[in-house]
Structure formats: C-alpha cells, structure tokens
Participant: 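Structure in structure tokens, see below.
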Amino acid sequence: MPTIVNLSKYIFSIAIEPTEISFPSLQRNEIKLSKGRVEEDDLGHGPQIEYKIRNVGLYVVVESEIGMAVMWDRKTAVRILLEPTHSGEVCGLCGNFDGDGQNDYTTQGQLVVSNPLEFANSWKVSSSCPDAEVNIDPCAVTPGRHQWAKLMCSIIIGVTFKECHKKVSPFPFYENCVKDSCACDTGGDCECFCTAVAAYAQACNEHDVCIAWRTPEICPVYCDYYNDPFICTWHYNPCHSPCYKTCLNPEGVCLNPIPTLEGCYPVCPEDKPIF
C-alpha cells in the first residue's frame, strides 16, 4: 500500500512496491507508467482530451487540457496536480481535494471510515483481486533494518534541511521515510529512501527553500552521462523551472502550474537560448 501525504492540499504518494500505474481518465487515451517507461494506448472510444508528455529533470510530466498534471520520477513516486476548479470534484485513493483531510478515507460507497484497509479495499479496480487483510508494520518485521532506516532518514530532521524546518514540518516526512525504507528490502534498497527524502526536498522547494541535499554518497544523480565529450551542457539543479525554451516549446510555457523540479537540465549559451 502506498503512503499518502497531505491528500487534501495536493496528492503525493510514495509507493512501497512499484507497479504499473495507468490513468484511464483521459477518456479515449490510457497512459501506462511502468518500469521506467511510458506507454500510450488508444482505447478507440470516448472524447479526445489533449495532453502532452514531457521529460522534466528527473520526472516524466503528463499535462492535460482539463487542468490535471501527473508527475512521475520513473521509479516509486507519483504526484497528481489539480487546478482549484477540481476542488471536491474528485474521489478515490488520493482523496477528494476539498481541503479537509478528515474525510479523505471516503470509500467508493461514499462512507467515511477510519480503517485504511477498508478504505483501500473499497477502491479495487477488479473484484477478483483479493482484499488486503493485514496492515503490516515493515519496521517491526525487520528490526535490524529499522535502525538503518532511522539513521539514513535522519537527514530529513538534521542540519541539511534546517532552513526548511520552520516552513515545512519534517516529522511526517521522516516517519514515512523510515516506514518506506524498512519495507523496501527486496532489491533496490536505497530507492525508497531516496524517494522519501526527495519528497521532503520537493515540499521545501514549493515553500521557496531550495536544498541541494544529494551527494556522491547519498542518492547521487550523474548528469554528465548526457553530455557529449568535451561539451558540458547538462547540469544538475535541485530547483529548476519545469518550463524552459525548447524547439517544441519556444516560449517556455507550461499548460499547468508545475512546481520547480530537480534533475538534469541543459545550460544554453546566451547566443543560443533555445535548447
């Protein structure tokens, strides 16, 4: 089950086990995000909704004309952005976007419950899928890993992010980091940890606090891979504007209000400002 944070303000989820994610709500088109790849399927029926898919930093961004954008880090983090006009007009595992966190656990039958399993099971896509019956504490199952997770995740509550602590409380993010890091122990051990820390860094970005937290030892990002020999065009930026001038988007304008995003970005010379 994913850990979902701050559902009513925006939707941000950290998935314990990466699975295929699809967004059939674009009517005629279905977009599948799976194993680092994006697949588009034409369902052959329904109205056509205009959308575009862009690579922005570490993310794949799907922007639509209906005021919805989806950001995916190609791994375990997905975020859905909605324009205010959709407030209270959506439902599902990600809440209803009405600004009230108390009613996010609303089942498909429109009942507000307190049990996360009852809530999650009500939104199954297929009735043949068995109910989840136990909400396991991953840190209790792997106590040795619990100590490692607490040590690694302490970066969130430590000096690295101290400039952000007054604007965004680090403790919910720290707790989610520990839980997710305990659970992610069947391969790609650091992936869930890195995703969890990146979630807090992104929240800081959106409160005008830019934190360059990655190092060669902690969740490194190597942008030099994209550079041609002797030409250093791509550079890492922890808080870059998602809309920059390209041949396909010469004005550098986004369809939806996308926040600043970390990742590898081109640095163009002044005489050639369009990438």
Side-chain angles (χ1 to χ4, degrees), residues 2-3 5 12-18 35-36 55-60 71-79 138-139 141-242 259-267:
T3 299
V5 183
F12 191 95
S13 64
I14 302 171
I16 299 301
E17 296 180 2
K35 299 179 181 178
N55 293 313
V56 182
L58 300 180
Y59 295 82
V60 172
M71 303 190 311
W72 178 45
D73 72 345
R74 297 181 183 271
K75 296 178 181 177
T76 61
V78 174
R79 181 171 177 185
C139 293
V141 175
T142 56
R145 189 168 180 82
H146 190 194
Q147 296 302 314
W148 175 86
K150 290 193 294 184
L151 176 64
M152 295 297 291
C153 293
S154 65
I155 186 177
I156 293 176
I157 57 178
V159 296
T160 301
F161 286 95
K162 66 179 181 180
E163 298 299 324
C164 184
H165 290 165
K166 291 183 179 180
K167 291 194 174 184
V168 182
S169 174
F171 298 107
F173 290 89
Y174 169 75
E175 292 170 2
N176 286 329
C177 177
V178 172
K179 183 184 296 184
D180 290 356
S181 297
C182 282
C184 201
D185 64 346
T186 57
D189 285 13
C190 290
E191 192 167 284
C192 294
F193 160 72
C194 294
T195 297
V197 179
Y200 185 57
Q202 183 61 35
C204 295
N205 280 351
E206 294 171 29
H207 285 78
D208 300 319
V209 182
C210 183
I211 305 293
W213 61 277
R214 295 182 187 268
T215 71
E217 291 77 32
I218 300 176
C219 308
V221 173
Y222 297 109
C223 298
D224 192 57
Y225 170 82
Y226 302 101
N227 291 325
D228 292 330
F230 311 112
I231 301 177
C232 187
T233 301
W234 293 89
H235 298 266
Y236 173 77
N237 191 314
C239 318
H240 196 282
S241 169
T260 57
L261 297 173
E262 70 164 332
C264 300
Y265 292 91
V267 178

Participant: Please report the C-alpha distance between Tyr174 and Lys150 in whole Å, then the side-chain angles of each, then the deciding distance to 0.1 Å, and finally whether the side chain to side chain contact (heavy atoms under 4.5 Å, CB included) criterion is met.
Facilitator: CA-CA 8 Å; Tyr174 169 75; Lys150 290 193 294 184; 3.6 Å; yes
Participant: Between Tyr200 (side chain) and Phe161 (backbone), is there a donor-acceptor pair under 3.5 Å?
Facilitator: no
Participant: For the atom pair SG (Cys139) and NZ (Lys179), what is the distance rounded to the nearest 0.5 Å?
Facilitator: 8.5 Å
Participant: Check the pair His235 / Cys223 against side chain to side chain contact (heavy atoms under 4.5 Å, CB included), numbers first and verdict last.
Facilitator: CA-CA 6 Å; His235 298 266; Cys223 298; 5.7 Å; no
Participant: If we ignore hydrogens and angles and just use 3.5 Å, is the side chain of Asp180 paired with the main-chain N or O of Thr195 as donor and acceptor?
Facilitator: no
Participant: Find the distance between CD (Gln147) and SG (Cys182) and round it off to the nearest 0.5 Å.
Facilitator: 9.0 Å
Participant: Could you tell me whether the side chain of Pro220 reaches within less than 4.5 Å of the side chain of Arg214, counting heavy atoms only?
Facilitator: no
Participant: Taking salt bridge (Lys or Arg N to Asp or Glu O under 4.0 Å) as the cut-off, I'd like each qualifying pair that reaches into residues 154-170, sequence neighbours left out, listed once.
Facilitator: none
Participant: Would you name the heavy atoms of Tyr222 and Pro216 that are closest together and state the gap between them?
Facilitator: OH-O, 3.8 Å
Participant: Carefully, step by step, assess Val197 and Ile156 under the rule side chain to side chain contact (heavy atoms under 4.5 Å, CB included).
Facilitator: CA-CA 7 Å; Val197 179; Ile156 293 176; 4.2 Å; yes
Participant: For Asn237, check side chain to side chain contact (heavy atoms under 4.5 Å, CB included) against everything at least two apart and list the hits.
Facilitator: Cys239, His240, Tyr265
Participant: Provide the closest heavy-atom pair for Ile211 versus Asn205 in the form atom of the first, atom of the second, distance.
Facilitator: N-OD1, 4.3 Å
Participant: Take Met71 and Val60 through the test side chain to side chain contact (heavy atoms under 4.5 Å, CB included) and record every step on the way to the result.
Facilitator: CA-CA 6 Å; Met71 303 190 311; Val60 172; over 6 Å; no
Participant: Considering all heavy atoms of both residues, which atom of Ala201 and which atom of Trp213 are nearest to each other, and what is their separation?
Facilitator: CB-NE1, 3.4 Å
Participant: Check this for me: does any side-chain nitrogen of one of Arg79 and Glu206 sit under 4.0 Å from a carboxylate oxygen of the other?
Facilitator: yes
Participant: For Val178, is there any backbone N or O sitting under 3.5 Å from a side-chain donor or acceptor partner on Ser181?
Facilitator: no
Participant: Looking at Thr142 and Pro138, would you say the former's side chain and the latter's main chain have a donor-acceptor pair under 3.5 Å?
Facilitator: yes
Participant: Just by modelled atom types, is the Trp234 backbone N or O under 3.5 Å from a matching donor or acceptor in the Asn227 side chain?
Facilitator: yes
Participant: In the structure I gave you, are the side-chain heavy atoms of Leu58 and Val221 within less than 4.5 Å of one another anywhere?
Facilitator: yes
Participant: So how far is it from Phe193 CZ to Cys184 SG, rounded to the nearest 0.5 Å?
Facilitator: 12.0 Å
Participant: Are Cys204 and Cys210 close enough, and set up right, to give a disulfide bond (SG atoms under 2.5 Å apart), and what steps lead you there?
Facilitator: CA-CA 6 Å; Cys204 295; Cys210 183; over 6 Å; no
Participant: Under the rule for side-chain hydrogen bond (donor to acceptor under 3.5 Å, both in side chains), what residues qualify as partners of Tyr236, not counting sequence neighbours?
Facilitator: Glu262
